[in-house]
> 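The following block contains the structure, expressed as structure tokens.
In this chain, numbering begins with 1 at the start of the sequence shown.
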Amino acid sequence: NTRDREAYWTARALDSLEHLTGQRPLGYRAPIYDYSQHTTAILAELGFRYESSLMGDDLPYRLHSRSGDILELPVHWACDDWNQFAHLADIDYVMPIQTPRRAFEVYRSEFEGAYETGGFFQIVWHPFLMGRAARMLYVRSFIEELLEKGDVWLTNCIAVADHVEGLIAAGTYTPRVDTIPIKSSA
């Protein structure tokens, strides 16, 4: 059964990470954003507080399943370095590699849109892709630009989840709720 298999491997990975780090992960991102109809329920059962694999909004929202709710911290391909820099013949992913200048034009544009509309901006950078010298020069410059704005919060996903949950509890933010799996009207 696909659900049982996903639950088994997710729990096994969770246990391994806890064993290695001494901390139980509270968040999840699906490999290559591959999210099934069972993922939300499995994550809720395992006690995850947030997940960050879906692209359904520009603001955090709730995912509801029969097993409970978790917070979605949405991502987007435009904010992921994979499309800009991945070139892995071993997995038949052979794309033209972009210059750091071009990649950061995309990231900057996405950030400006989120900033101007009061949205949520999350960047996904893989160390083996972004960790090259030329790219890291752009990372430093980009972070400096963000900090110069004076009102940008650079943090991790659990801090964002804590903040959003606090806003929800205070009644100052009401996120939309998506029920997973989505029921077909057919």
Side-chain angles (χ1 to χ4, degrees), residues 1-83 86 107 110-111 114-115 118-131 139 142-143 146-147 151-182:
N1 164 322
T2 302
R3 187 197 192 287
D4 291 343
R5 199 171 147 163
E6 182 179 349
Y8 169 79
W9 286 109
T10 304
R12 186 166 175 190
L14 180 63
D15 291 343
S16 295
L17 287 168
E18 185 174 14
H19 175 75
L20 290 170
T21 66
Q23 296 181 346
R24 191 162 180 86
L26 300 173
Y28 177 84
R29 179 170 291 133
I32 64 170
Y33 307 124
D34 189 15
Y35 205 86
S36 83
Q37 65 180 335
H38 309 293
T39 305
T40 301
I42 291 167
L43 297 177
E45 290 163 8
L46 292 172
F48 282 91
R49 295 208 19 237
Y50 74 89
E51 97 78 40
S52 185
S53 308
L54 302 178
M55 304 180 190
D57 207 325
D58 289 335
L59 296 172
Y61 57 100
R62 284 218 176 274
L63 298 175
H64 173 74
S65 75
R66 68 186 182 294
S67 299
D69 292 1
I70 59 173
L71 190 63
E72 174 64 31
L73 302 180
V75 295
H76 191 271
W77 284 111
C79 297
D80 190 319
D81 63 355
W82 187 267
N83 294 332
Y107 306 144
E110 290 294 322
F111 169 76
Y115 184 80
F120 171 68
F121 175 77
Q122 179 178 192
I123 198 88
V124 178
W125 289 338
H126 303 80
F128 75 98
L129 294 174
M130 191 58 76
V139 167
F142 186 60
I143 290 172
L146 300 182
L147 292 174
D151 58 352
V152 172
W153 183 32
L154 300 180
T155 191
N156 59 32
C157 288
I158 194 61
V160 172
D162 287 343
H163 178 71
V164 172
E165 293 291 352
L167 294 174
I168 294 168
T172 57
Y173 179 62
T174 304
R176 76 162 215 249
V177 177
D178 285 356
T179 299
I180 308 288
I182 298 169

> Taking the side chain as C-beta and beyond, is there a heavy-atom pair between F111 and I123 under 4.5 Å?
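A side-chain contact under 4.5 Å is absent here.
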> With side chains defined as the heavy atoms from C-beta onward, is the minimum distance between Y28 and I42 less than 4.5 Å?
no
> May I ask you to decide if V75's main-chain N or O and Y33's side chain share a donor-acceptor pair within less than 3.5 Å?
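Looks like no, no N/O pair under 3.5 Å.
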> Heavy atoms only: give me the nearest I180-Q37 pair and the separation to one decimal.
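Closest heavy-atom pair between I180 and Q37: CG2-O, 3.8 Å.
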> Looking at residues at least two apart in the chain, or sitting in another chain, which of them share a side-chain contact (heavy atoms from CB on, under 4.5 Å) with A41?
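For A41 the side-chain contact (heavy atoms from CB on, under 4.5 Å) partners, ignoring immediate neighbours, are R3, E45, S65, R66, S67.
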> Between Y35 and L43, which heavy-atom pair has the shortest distance, and what is it?
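Shortest heavy-atom contact: OH-CD1, 4.1 Å.
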> Applying side-chain contact (heavy atoms from CB on, under 4.5 Å), name anything that partners R12, two or more places apart in sequence or on another chain.
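side-chain contact (heavy atoms from CB on, under 4.5 Å) check on R12 returns Y8, W9.
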> If the condition is side-chain contact (heavy atoms from CB on, under 4.5 Å), which residues does T155 pass it with, not counting sequence neighbours?
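With sequence neighbours excluded, T155 shows a side-chain contact (heavy atoms from CB on, under 4.5 Å) to W153, A159, V160, given in chain and number order.
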> Do L71 and R49 have side chains that get closer than 4.5 Å, going by heavy atoms?
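No; the side chains remain at least 4.5 Å from each other.
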> Is a side-chain donor-acceptor pair under 3.5 Å present for S53 with E51?
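Yes, side-chain donor-acceptor contact under 3.5 Å.
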> Please report the shortest heavy-atom distance between C157 and Q122, naming the atom on each side.
SG-OE1, 3.2 Å
> Mind checking the CD1-CZ spacing from I168 to R62? Nearest 0.5 Å is all I need.
4.5 Å
> Looking at residues at least two apart in the chain, or sitting in another chain, which of them share a side chain to side chain donor-acceptor pair (under 3.5 Å) with H126?
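For H126, the residues satisfying side chain to side chain donor-acceptor pair (under 3.5 Å) (neighbours in sequence not counted) are D81.
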> Mind checking what makes side-chain contact (heavy atoms from CB on, under 4.5 Å) contact with H64, not counting sequence neighbours?
D69, V177, T179
> Which residues pass the salt bridge (charged side-chain N to carboxylate O under 4.0 Å, His left out) test with R29, sequence neighbours left out?
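With neighbours one apart ignored, the set is empty.
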